[in-house]
Amino acid sequence: MPISICSAVLSPFAPRKSSGSGNDRRPWSELPRFILATLMAFGVAVPWGIVTIVAIEKPVKQIVGKPNVDYLQVRSDGTPVIHTYNYYSGLDAYRFVDGKQASPSEIEKWKDDQWLEGAWLFSGMSDEDLQYRLSWRERLMYFQLDTAMIYYLVYDGRPDGHAYFAAYNSRSKALLGYLGTTGFTAEKPAIEQQFRIDGRRSSWRVALVSHLTNSHVLPNQRISRPSNLPKSSVYLLSGDAVWHVDLKQLSAEKIAEFPDAMNITLAPPPPGTMFGDESRVADRLLVRMKTSVEIIDSDGQRLGHWTLPVEARGKDLRHWYDLGDGKVLTTYLRRMVGNHLELELLWLDSSGQIERRQTIEESQGGLDPDEVWTIAPAIPMPAVLTAMFLAEAPEIRGPDYSSDFAKVVAIFWPALSIVYVLSAALALLAYRRQRRYALPWAGAWAVFVLLLGVPGWLAYRWHRRWSVLMPCAECHHAAPRDREHCVVCGAMFAPPSLTGAEVFG
């Protein structure tokens, strides 16, 4: 039925049947057949992929999968360790940054240890991020302090944008007013009275800190609790200043100014702070700038300053740990190779000078080998797999490009090679079949199957009705009987023998 429908659609474009050998070599004579076969190939590929993934994904993960994921964590004494978690078994393992495995006795002692919390400091937005247009929902931030009042932070989504707060009665849904830099007003504040959100520096969501949107996370247990900030307090990075917005008092106050500020986040507590202690010291804020990081209290008082090393500027600081006495441990991503992140650890003193450094690898991110072994059978199409590899292969950075690229290729080539070799074998079969039936464009059909693999081969076999092959009476070779002459020796086929049931006019 699908072949009949597609043939009917493409019949106006089908080449006229040629007399004689049937080998029509007119330009574009096979184009309608190529179009039909391409549609059929992708039509076959979709259900093939779904069924294959459902059937083999779990067994493949069990056989060749590497479900281990690494997390950098820091003990209360400032010692960094790499925590490895296995998603299948649920087992945990730890190793030090020098590669030495932690002993069971050491791990047992760490169970009651107060691990340090970390923060993430962004470096700014890329050109690709700036081209991404936020949806309406992504430009709203929702706050509700009690059952009567609802507040929305509304952002226009532009790279050089603005935002304001709108207050509503949750029961009547009535609009009560707006809150901008000049305070609470009944009318929507003018542009110059709104909070300026410089989207060219960072995402607007990392320019905001509040009790409802930021929390403290205990790494070794992967649990969190809200910050100690008042529920009504919102700290907003607007331009080069940090603003404190009090939703209960409906007021806005500029508490500190920072040139080229890009990111504001909840500062990790100092060592010795109990995770569940609600009476602990008030939370502090970290402000990331192009060349430095500062820590301030909730009133904007500066508590510390670190000048960032040149190599860490312009990069996301994936971890920021407070080691006490003004010292910090931070990391940035050097490069990603396959499913491994290569991180540079920097120990900084109170001024930002590097005291120590260490390079580590985390098994996390990118395409895992088990995913490749699932994707390859599910999409056995070399052209599509190659495009996916080029699109999904992690970005290679660093001076030793050839070595890094070799690591990436080592992850993908076994599974992909099987698909490529199989497709090459099917392409050879397609070429030989096309020649055996004396049909045109044998080389083009071979390339078609080589690019589209198994679905391409099935589409090639199903896209047309194939003639019956019968031995020639003269040369005894099997030849297609859709023409009058043998394609091998050129002899004319004998007419069919009479059976006595013929009717002659």
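The first residue in the sequence is number 1, and the count goes up from there.
Asn263 is not listed as a side-chain neighbour of Leu237, based on a closest heavy-atom distance of 4.5 Å or more. Considering only heavy atoms from C-beta on, Thr265 stays 4.5 Å or farther from Leu285 through its side chain. Counting heavy atoms from C-beta on, the side chains of Tyr155 and Met141 never come closer than 4.5 Å. Considering only heavy atoms from C-beta on, Arg334 comes within 4.5 Å of Thr359 through its side chain. Using a 4.5 Å heavy-atom cutoff, the side chains of Met289 and Met262 are not in contact. Counting heavy atoms from C-beta on, the side chains of Leu153 and Leu236 come closer than 4.5 Å. Side chains of Trp457 and Ser423 form no contact here, defined as non-hydrogen atoms less than 4.5 Å apart. Considering only heavy atoms from C-beta on, Tyr94 comes within 4.5 Å of Gln73 through its side chain.
Between Tyr152 and Phe143, a ring centre-to-centre spacing not shorter than 6.0 Å is recorded.
Atom CH2 of Trp347 is surrounded by more than 12 heavy atoms from other residues, nucleotides or ligands within 6.0 Å. Within a 6.0 Å radius of CZ in Arg432, no more than 12 heavy atoms belonging to other residues, nucleotides or ligands are found. Within a 6.0 Å radius of CZ in Arg75, more than 12 heavy atoms belonging to other residues, nucleotides or ligands are found.
Across all non-hydrogen atoms, the minimal contact from Val449 to Ala430 is CG2-CB, 3.7 Å. Considering every non-hydrogen atom in both Val74 and Leu329, the closest pair reads CG2-CD2, 3.7 Å. What you find for Ala37 and Ala459 is that their closest heavy atoms are O-CB, 3.2 Å. Nearest heavy-atom pair across Ser123 and Asp316 is N-OD1, 2.8 Å. Closest approach of Asp322 to Pro269, counting heavy atoms only: CB-O, 4.0 Å. Taking all atoms of both residues into account, the shortest heavy-atom contact from Leu452 to Pro382 is C-CD, 4.1 Å.
In this structure a side-chain-to-backbone donor-acceptor pair under 3.5 Å is present from His211 to Ser227. In this structure, the side chain of Asp260 does not engage the main chain of Lys290 through any donor-acceptor pair within 3.5 Å. With hydrogens and angles ignored, the 3.5 Å screen pairs no side-chain donor or acceptor of Asp160 with any backbone N or O of Asp198. Checking side-chain atoms of Tyr437 against main-chain N and O of Pro440 turns up no donor-acceptor pair under 3.5 Å.
To the nearest 0.5 Å, atoms CG (Leu317) and CG (Leu346) are separated by 8.5 Å. Separating the CG atom in Leu429 from the CZ atom in Arg461 is a distance of 9.0 Å, to the nearest 0.5 Å. From Asp98, atom CG reaches atom NZ of Lys100 across 7.5 Å, with rounding to the nearest 0.5 Å. In this structure, CD in Glu342 is found 4.0 Å from CZ in Arg335, a value given to the nearest 0.5 Å. Separation of atoms CG (Leu286) and CZ (Arg288) is listed at 11.0 Å; rounding is to 0.5 Å. For the atom pair CD (Glu361) and CG (Leu343), the distance works out to 9.0 Å, reported to the nearest 0.5 Å.
Qualifying side chain to side chain donor-acceptor pair (under 3.5 Å) partners for Trp445, counting only residues two or more places apart in sequence or in other chains: Glu30. Under the ring pair (Phe, Tyr, Trp, His ring centres under 6.0 Å) criterion, Trp120 pairs with Phe122, sequence neighbours left out. Every residue meeting the side chain to side chain donor-acceptor pair (under 3.5 Å) condition with Glu106, not counting sequence neighbours, appears here in chain and number order: Ser103. Remark: Thr79 engages Asp77 in a side chain to side chain donor-acceptor pair (under 3.5 Å) (not counting sequence neighbours). Listed by chain and residue number, Leu426, Val454 satisfy the side chain to side chain contact (heavy atoms under 4.5 Å, CB included) test with Leu422 (two or more places apart in sequence, or in another chain). Taking Arg436 as the reference, Leu469, Ala478 meet the side chain to side chain contact (heavy atoms under 4.5 Å, CB included) condition, with sequence neighbours excluded. Here Phe96 pairs with Trp110 under the ring pair (Phe, Tyr, Trp, His ring centres under 6.0 Å) rule; sequence neighbours left out. For Arg95, the side chain to side chain donor-acceptor pair (under 3.5 Å) test picks out Asp70, Thr84, with sequence neighbours left out. Listed by chain and number, the residues in a side chain to side chain contact (heavy atoms under 4.5 Å, CB included) with Ala378 are Thr52, Ile53 (sequence neighbours excluded). With sequence neighbours excluded, the residues forming a ring pair (Phe, Tyr, Trp, His ring centres under 6.0 Å) with Trp306 are Trp320, listed by chain and number. A search for side chain to side chain contact (heavy atoms under 4.5 Å, CB included) contacts involving Ala442 returns Tyr431, Gln434, Arg435, not counting sequence neighbours.
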Check against side chain to side chain contact (heavy atoms under 4.5 Å, CB included), Leu323 and Val328: CA-CA 5 Å; Leu323 303 181; Val328 297; 5.5 Å; no
Stepwise side chain to side chain contact (heavy atoms under 4.5 Å, CB included) check, Leu345 with Ile360: CA-CA 8 Å; Leu345 277 62; Ile360 64 169; 3.4 Å; yes
Residue pair Val154, Arg139: steps toward the side chain to side chain contact (heavy atoms under 4.5 Å, CB included) verdict: CA-CA 6 Å; Val154 185; Arg139 293 189 280 114; 5.7 Å; no
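Between the side chains of Glu311 and Tyr332, at least one donor N or O lies within less than 3.5 Å of an accepting N or O.
Judged by a 6.0 Å distance limit and a 45° cone about the ring axis, Arg464 is positioned over the six-membered ring of Trp466.
None of Glu344, His319, Lys315 except one satisfies the side chain to side chain donor-acceptor pair (under 3.5 Å) rule with Thr331; the exception is His319.
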